[in-house]
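Below is one structure, written out as structure tokens; the observations come after it.
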Amino acid sequence: QTQVDGRVKHVLTFSWAPTDPDWPKFLDIETFKTVISLPEGYPATAAMELHLVGEDVPLVVRQYINLQTSEFIQQLRETSKELAAKLVLKWLDRNITKLFVDAGRHEQRNREARAAGLELISAAELRRKMEADAAAAAVAAAQAAKEKSGEGAAKAGKSKGIVAKMQALSTGDADEAAVDDNEEEDEGDEEGDEEEEGEEEESAEAEAGPEQASLANMSLNPNRKGTEIQLRGFIMKNVALLRITQLSLDMACVRCKESDTVTLQVTEEEPEPQHGQACKKCNQGWGLGYRPALAHRASHIIGYLDLTLCLANEVLLSECKMIIECDNCNSSTALDGMQYGQLTLETCRSCHHHLEVAIDSIKLRNLAPSSLAAAAAAAAKRPQRERADRPRVGEPLPANGTCEHYKKSCRWFRFPCCGKAYPCDICHDREAGHPAEMATRTICGFCSKEQSTNFKDCVNCAHALTKDTSHSSFWEGGKGCRNQLKLCRNDPHKHSSSVLKTKSQKSKRVGAEGKARVQMQMEKRKGHAGE
């Protein structure tokens, strides 16, 4: 036991050897000296601390590993109820080689940044900094509200003082009234100063704008549960952050698979919007919640969905709204109506830098369900099932992308009018209810890779997206049987270009060739007659 700052801690020091058979021997590190500290109140109110000590491990590597271990412990405290030192040691032993490699890369990036006159800030440090700024903003807002309430009480006290002064003048106590008047003047000066400070704070809040306020209310580290929304092929140039202000989704009921479009607004009053409704076909109630997250160079995740008795088919990017922040001046720029695979160009209104953003596709990945969704799924009569016709990268589309109208087109099209994907324009007009516009994006029917319509073959799996109809299906691409001995006798290709086939001799009897042949025969006869 040790006592630090008046608090009792239980400290355990030991050494352990990595069990990884691929542990590099050239590092000359066979054991790691480790210290575990259990503070007072563990595990109910305080977390354990685990650090590597000793001079065998370089200081830079040791600091990086200790930081990653602390973040892992914090993540365990948020996601699980039980936290044991044995679990942390297993994780550290399993990832010690990777942590060494990552520490070296991290130090190399820091050296290059320092050589260029820059400073790198990790995502965890950025989250802590923004959380601290958000907490300071909340304290300032509470202080301003308190000052306003004090101003109202001061005005009420001033009105009472005027009434008392009138009563004193009526009774003849002029001296007392004069003293009270001087005190009120002093209080009035103090109140005037407080009013000026309050006006300055209000003006500062007005200059910050609603975008800064909504960013402060946003949860910077949402729990990784539910359905993760990840940007694929995300390109950002001169852009520091991207956040969603309006999310449009194509949802489907679990029971009857009836689809519907849902739009969620992320505002200052409702930073984590929720939506609930009854299915239009089977009248079953379903709902969803959106927990937004900030997307940047180190993380391409824009949030998580908490689904209850429903499924998310896809994100309608053309109907989403988002805000990007300039990497140079941190000013905000609104984006509206982006398209998959198209580069969006904007100009910062403050520093006039060119901002570039592009999104190739959006992946919806199912993680551990949230507590609300898990309870609703357990109480439902039918468990949640994955929708069969949901495009997922790496898996084929239903019927390899063909439909009843085009049986040789192995692809789906994403139409820019609604942002949804359909096998053809006829299917779109029948289900969407509005005329289709010319599609510029297509989804491969064999691997669900979204790409441009300019490619005849898939850029991912190299499958032909359309079948060649210039030849018969038997001879297409040279894949058919070309051995004429094995062909059916009724096949028209069995005796084509064959030596045994009977050839017509009519050309030798008529026409120019036949006339020349007849004249040659007549000349031969005359020659024989002359002899």
Side-chain angles (χ1 to χ4, degrees), residues 118-131 133-134 137 205-222 228-249 263-273 290-305 314-364 414 416 419 441 450:
L118 302 176
E119 181 182 359
L120 295 180
I121 300 177
S122 63
E125 294 178 358
L126 180 61
R127 285 195 299 267
R128 286 193 292 268
K129 183 178 180 181
M130 298 185 72
E131 288 176 355
D133 295 342
E205 292 177 358
E207 291 177 358
E211 298 173 355
Q212 298 286 344
S214 61
L215 182 60
N217 293 335
M218 182 183 296
S219 178
L220 302 178
N221 189 19
E228 182 182 75
I229 308 176
Q230 183 180 8
L231 305 179
R232 307 294 295 273
F234 184 39
I235 300 175
M236 50 192 306
K237 183 177 180 181
N238 296 331
V239 177
L241 297 174
L242 182 145
R243 57 189 178 89
I244 298 295
T245 57
Q246 176 177 312
L247 182 65
S248 184
L249 299 163
T263 302
L264 300 175
Q265 300 285 345
V266 180
T267 60
E268 182 181 358
E269 293 78 13
E270 192 176 7
E272 297 183 358
Y290 173 56
R291 293 178 284 113
L294 298 176
H296 45 85
R297 291 183 179 86
S299 175
H300 296 173
I301 299 171
I302 59 174
Y304 302 88
L305 295 175
E314 58 181 346
V315 178
L316 306 179
L317 185 61
S318 59
E319 300 181 8
C320 294
K321 296 181 181 179
M322 57 195 70
I323 291 178
I324 58 176
E325 293 192 2
C326 178
D327 198 7
N328 185 40
C329 63
N330 294 331
S331 60
S332 300
T333 303
L335 295 181
D336 189 7
M338 290 186 62
Q339 297 291 338
Y340 285 109
Q342 295 183 3
L343 186 65
T344 302
L345 302 177
E346 290 290 340
T347 303
C348 180
R349 298 182 179 180
S350 298
C351 63
H352 306 290
H353 270 66
H354 295 288
L355 310 178
E356 300 180 5
V357 178
I359 300 174
D360 188 25
S361 61
I362 295 181
K363 180 181 179 181
L364 300 174
R414 187 175 296 280
R441 304 285 292 176
E450 186 166 342

(request) For the pair Ile301 and Glu228, evaluate side-chain contact (heavy atoms from CB on, under 4.5 Å) and give the outcome as yes or no after the intermediate values. (result) CA-CA 7 Å; Ile301 299 171; Glu228 182 182 75; 3.0 Å; yes
(request) Heavy atoms only: give me the nearest Tyr290-Gly303 pair and the separation to one decimal. (result) CE1-CA, 3.9 Å
(message) Taking atom CZ as the centre, does Arg297 end up with more than 12 heavy-atom neighbours from other residues, nucleotides or ligands that are less than 6.0 angstrom away?
(response) yes
(request) Could you tell me which non-hydrogen atom of Gly419 sits nearest to which non-hydrogen atom of Leu316, and how far apart they are? (result) O-CD2, 3.7 Å
(message) Could you check whether any side-chain N or O of Ser331 sits under 3.5 Å from a backbone N or O of Cys326, counting only pairs where one atom can act as donor and the other as acceptor?
(response) no
(message) If you compare all heavy atoms of Thr245 against all heavy atoms of Met322, which two are closest, and at what distance to 0.1 Å?
(response) OG1-N, 3.7 Å
(message) Nearest 0.5 angstrom please: Leu242 CG to Ile302 CD1, how far?
(response) 7.5 Å
(request) Would you check if Val315 and Tyr340 make a side-chain contact, meaning some heavy-atom pair closer than 4.5 Å? (result) yes
(message) Quick test of your reading: applying salt bridge (Lys or Arg N to Asp or Glu O under 4.0 Å), list the pairs with at least one residue in residues 338-348, sequence neighbours left out, ordered by first then second residue.
(response) none
(request) Work out which heavy atom in Cys329 is nearest to a heavy atom in Cys351; give both atom names and the distance. (result) SG-SG, 3.6 Å
(request) Determine the minimum heavy-atom distance between Asp360 and Glu450, stating which atoms define it. (result) OD1-O, 4.1 Å
(request) Hey, could you give me the CG/OG1 distance between Leu355 and Thr347, rounded to the nearest 0.5 Å? (result) 7.0 Å
(request) Can you measure from CG (Leu317) to CG (Leu231) and round to the nearest 0.5 angstrom? (result) 8.5 Å
(message) Rounded to the nearest 0.5 Å, what separates atom CE in Met236 from atom CD1 in Ile359?
(response) 10.0 Å
(message) Quick check against the 3.5 Å criterion: does Asn238 have a side-chain atom that pairs as donor or acceptor with the backbone of His354?
(response) yes
(message) Tell me the closest heavy-atom pair linking Pro271 and Val266, and the distance in Å.
(response) O-CG1, 3.6 Å
(request) Hey, could you give me the CG/CG distance between Leu364 and Leu249, rounded to the nearest 0.5 Å? (result) 7.5 Å
(request) Measure the CG-CD distance between Leu247 and Glu319 for me, rounded to the nearest 0.5 Å. (result) 10.5 Å
(request) Verify, without hydrogens or angle tests, whether Gln246 (side chain) and Thr263 (backbone) share a donor-acceptor contact under 3.5 angstrom. (result) no
(message) Given Leu264, which partner from the list Pro273, Ser248, Pro292 fulfils the side chain to side chain contact (heavy atoms under 4.5 Å, CB included) test?
(response) Pro273
